[in-house]
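Structure first, commentary second.
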Amino acid sequence: MTKDLNCTQIDLIEAFGKKSMTADADRRNALTEFKNKIVEKGGNAGVILNQLNSKAGFKISGYALDCVKIE
């Protein structure tokens, strides 16, 4: 799919949602941080490689991408 969008990998990024009231809130917080880090790196898309839910919170790791054919 990224080939169709002409994407270039920018950087590996990790995001963490700290312990909230619910696991869903932790995941939402981590996703928001992940999206923000994509923009900080100059990207307009991302690929999630791993998601980990633990007692400490929710961790997401993946790559920030710069895709030419995304508007």
Side-chain angles (χ1 to χ4, degrees):
M1 179 169 175
T2 56
K3 212 174 207 181
D4 296 339
L5 299 173
N6 194 15
C7 297
T8 304
Q9 182 178 305
I10 299 173
D11 202 1
L12 177 67
I13 53 176
E14 292 186 343
F16 192 73
K18 295 182 181 175
K19 204 62 181 159
S20 301
M21 296 297 282
T22 66
D24 286 339
D26 289 346
R27 185 172 190 277
R28 279 192 306 272
N29 292 342
L31 281 171
T32 298
E33 183 179 333
F34 189 80
K35 291 175 190 176
N36 290 340
K37 286 187 174 189
I38 290 169
V39 173
E40 287 173 14
K41 296 286 185 178
N44 59 1
V47 174
I48 294 174
L49 299 176
N50 192 27
Q51 299 181 56
L52 175 66
N53 189 13
S54 71
K55 290 181 180 180
F58 200 93
K59 181 179 177 182
I60 298 174
S61 58
Y63 286 98
L65 304 172
D66 181 24
C67 300
V68 174
K69 295 183 179 179
I70 290 182
E71 297 177 10

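Here the structure is a predicted model, which is why all the values come from computation and not from measurement.
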What's the separation between atom CG in Leu52 and atom CD1 in Ile60, rounded to the nearest 0.5 Å? 10.5 Å
Taking distance alone, no hydrogens or angles, what donor-acceptor pairs closer than 3.5 Å link side-chain atoms of residues 26-36 to residues at least two apart or in another chain?
{"residue": "Asp26", "atom": "OD1", "partner": "Ser20", "partner atom": "N", "Å": "2.5"}
{"residue": "Asp26", "atom": "OD1", "partner": "Ser20", "partner atom": "OG", "Å": "3.0"}
{"residue": "Arg27", "atom": "NE", "partner": "Gln51", "partner atom": "OE1", "Å": "3.2"}
{"residue": "Arg27", "atom": "NH2", "partner": "Gln51", "partner atom": "OE1", "Å": "3.2"}
{"residue": "Asn29", "atom": "ND2", "partner": "Ser20", "partner atom": "OG", "Å": "3.1"}
{"residue": "Asn29", "atom": "ND2", "partner": "Ala25", "partner atom": "O", "Å": "3.3"}
{"residue": "Thr32", "atom": "OG1", "partner": "Arg28", "partner atom": "O", "Å": "3.0"}
{"residue": "Glu33", "atom": "OE1", "partner": "Phe16", "partner atom": "N", "Å": "3.4"}
{"residue": "Glu33", "atom": "OE2", "partner": "Lys37", "partner atom": "NZ", "Å": "3.2"}
{"residue": "Asn36", "atom": "ND2", "partner": "Thr32", "partner atom": "O", "Å": "3.4"}

How close do Asn44 and Ile38 get, heavy atom to heavy atom, and via which atoms? N-CG2, 4.0 Å
Applying the side chain to side chain contact (heavy atoms under 4.5 Å, CB included) criterion to Tyr63, which one of Leu12, Ile13, Ile48 satisfies it? Leu12
From Asn6 atom CG to Leu65 atom CG, the distance as rounded to the nearest 0.5 Å: 11.5 Å
Atom pair NZ (Lys41) and CD1 (Ile10), whose distance is rounded to the nearest 0.5 Å: 9.0 Å
